[in-house]
Each structure stands twice: as structure tokens, then as C-alpha cells.
Amino acid sequence: MNVVIDGRFVLNAADLHHRLAGALGYGPYYRHDLADLRRHLAAGDPRPVHLVWTHADSIRMALGASAYEQFVATLTEIEAGDEGSRWNDRFIFRLLD
């Protein structure tokens with residue numbers, strides 16, 4: 001699954017969670033917070049995923065530096081945890097400016 005989040009259209013953290021939840025197929029029980037996103041992705045829900053944030057600087061501006069760094073650290077950690085997995089079982093995260 002390829003998921004592209006265009007940062008030019010992200011309004012705030014809640015909006016980013018909404019976009020991720022829709023793209024990743026998380027249902028009504030998704031809490032729209034970073035801990036729940038981590039829980040889902042760390043459990044392998046879904047796989048494979050190639051998540052790309054385009055215009056990442058716009059996402060940073062919308063979220064603020066601290067929240068942005070928390071998102072990036074979480075997603076990077078999930079990617080690192082999948083590093084030894086087969087390609088069909090991996091989460092890959094990329095930032096593009």
C-alpha cells in the first residue's frame with residue numbers, strides 16, 4: 001500500500017491523524033493520537049506500507065516543531081523495527097520537501 005500525505009493540505013495534528021486513519025483503513029475505534037498510531041503500526045496493521053510525506057516542511061509548520069518531531073521519531077522507529085522483515089511485511093517512511 002502506498003500512502004502519500006501532501007503537507008500543503010495538512011491543517012494540524014488532528015487533521016494529519018484523520019488523513020492517516022482514512023488512508024490506513026483505521027476504523028471508528030482509532031483514537032486519533034500518536035500512541036494509538038504507534039500501537040497500530042507496531043502491530044503490523046497494515047503491511048506492507050510505504051508512507052511518504054511530501055512538502056514535509058508544510059507539515060512541520062502545521063504541527064509545530066515539537067509535534068512534528070514526535071511524529072517523525074515514532075514513524076522512523078516503526079520503520080527501524082521492520083528493517084529485518086520481508087518486503088511484504090515492512091513499513092517504510094519517507095519525507096520529501
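The figures that follow rest on heavy atoms only: side chains count, while hydrogens, waters and symmetry mates do not. Every value quoted in this text rests on a predicted model; they were computed, and no experiment measured them.
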Using side-chain contact (heavy atoms from CB on, under 4.5 Å) as the criterion, list what pairs up with P46, not counting sequence neighbours.
M1, L24, Y26, V49
Members other than M61 in its cluster, when Ile, Leu, Val, Met, Phe, Trp, Tyr link by side-chain heavy atoms under 4.5 Å?
none
In a table with atom names and distances, give each donor-acceptor pair under 3.5 Å that connects a side chain of residues 4-13 to protein atoms at least two apart or in another chain.
{"residue": "D6", "atom": "OD1", "partner": "R8", "partner atom": "N", "Å": "3.0"}
{"residue": "D6", "atom": "OD1", "partner": "R8", "partner atom": "NE", "Å": "3.0"}
{"residue": "D6", "atom": "OD2", "partner": "R8", "partner atom": "NE", "Å": "3.3"}
{"residue": "D6", "atom": "OD2", "partner": "R8", "partner atom": "NH2", "Å": "2.6"}
{"residue": "R8", "atom": "NE", "partner": "H55", "partner atom": "NE2", "Å": "3.3"}
{"residue": "N12", "atom": "OD1", "partner": "A14", "partner atom": "N", "Å": "3.2"}
{"residue": "N12", "atom": "OD1", "partner": "D15", "partner atom": "N", "Å": "2.8"}

Check whether any side-chain heavy atom of F93 sits under 4.5 Å from a side-chain heavy atom of T76, and report yes or no.
yes
Taking V3 as the starting point, is it possible to reach I59 by hopping between hydrophobic residues whose side chains are less than 4.5 Å apart?
yes
Walk me through it: do L63 and L16 pass the test side chain to side chain contact (heavy atoms under 4.5 Å, CB included)?
CA-CA 9 Å; L63 271 57; L16 179 57; 3.8 Å; yes
Is the shortest heavy-atom distance from the side chain of L95 to the side chain of V72 under 4.5 Å?
yes
L20 CG to H17 NE2 distance, which is reported to the nearest 0.5 Å
7.5 Å
Among pairs that include at least one residue of residues 46-58, which meet salt bridge (Lys or Arg N to Asp or Glu O under 4.0 Å), considering only residues two or more places apart or in two chains?
R47-D82
Do L51 and I92 have side chains that approach each other closer than 4.5 Å (heavy atoms only, starting at C-beta)?
no
Under the side-chain contact (heavy atoms from CB on, under 4.5 Å) test, which residues partner Q70, sequence neighbours left out?
L34, S66
How many angstroms lie between atom OG1 of T54 and atom CG of D97, to the nearest 0.5 angstrom?
10.0 Å
So CH2 of W53 and CZ of F71: to nearest 0.5 Å the spacing works out to 6.0 Å
How many angstroms lie between CZ in R39 and CG in D33, if you round to the nearest 0.5 Å?
9.0 Å
Expected output: side-chain H32 to main-chain Y30 donor-acceptor under 3.5 Å:
yes
Before you tell me yes or no, could you show the steps for H40 and R31 under side chain to side chain contact (heavy atoms under 4.5 Å, CB included), namely the whole-Å CA-CA distance, both residues' side-chain angles and the distance that decides it to 0.1 Å?
CA-CA 11 Å; H40 278 281; R31 294 187 321 232; over 6 Å; no
For R90, check salt bridge (Lys or Arg N to Asp or Glu O under 4.0 Å) against everything at least two apart and list the hits.
none
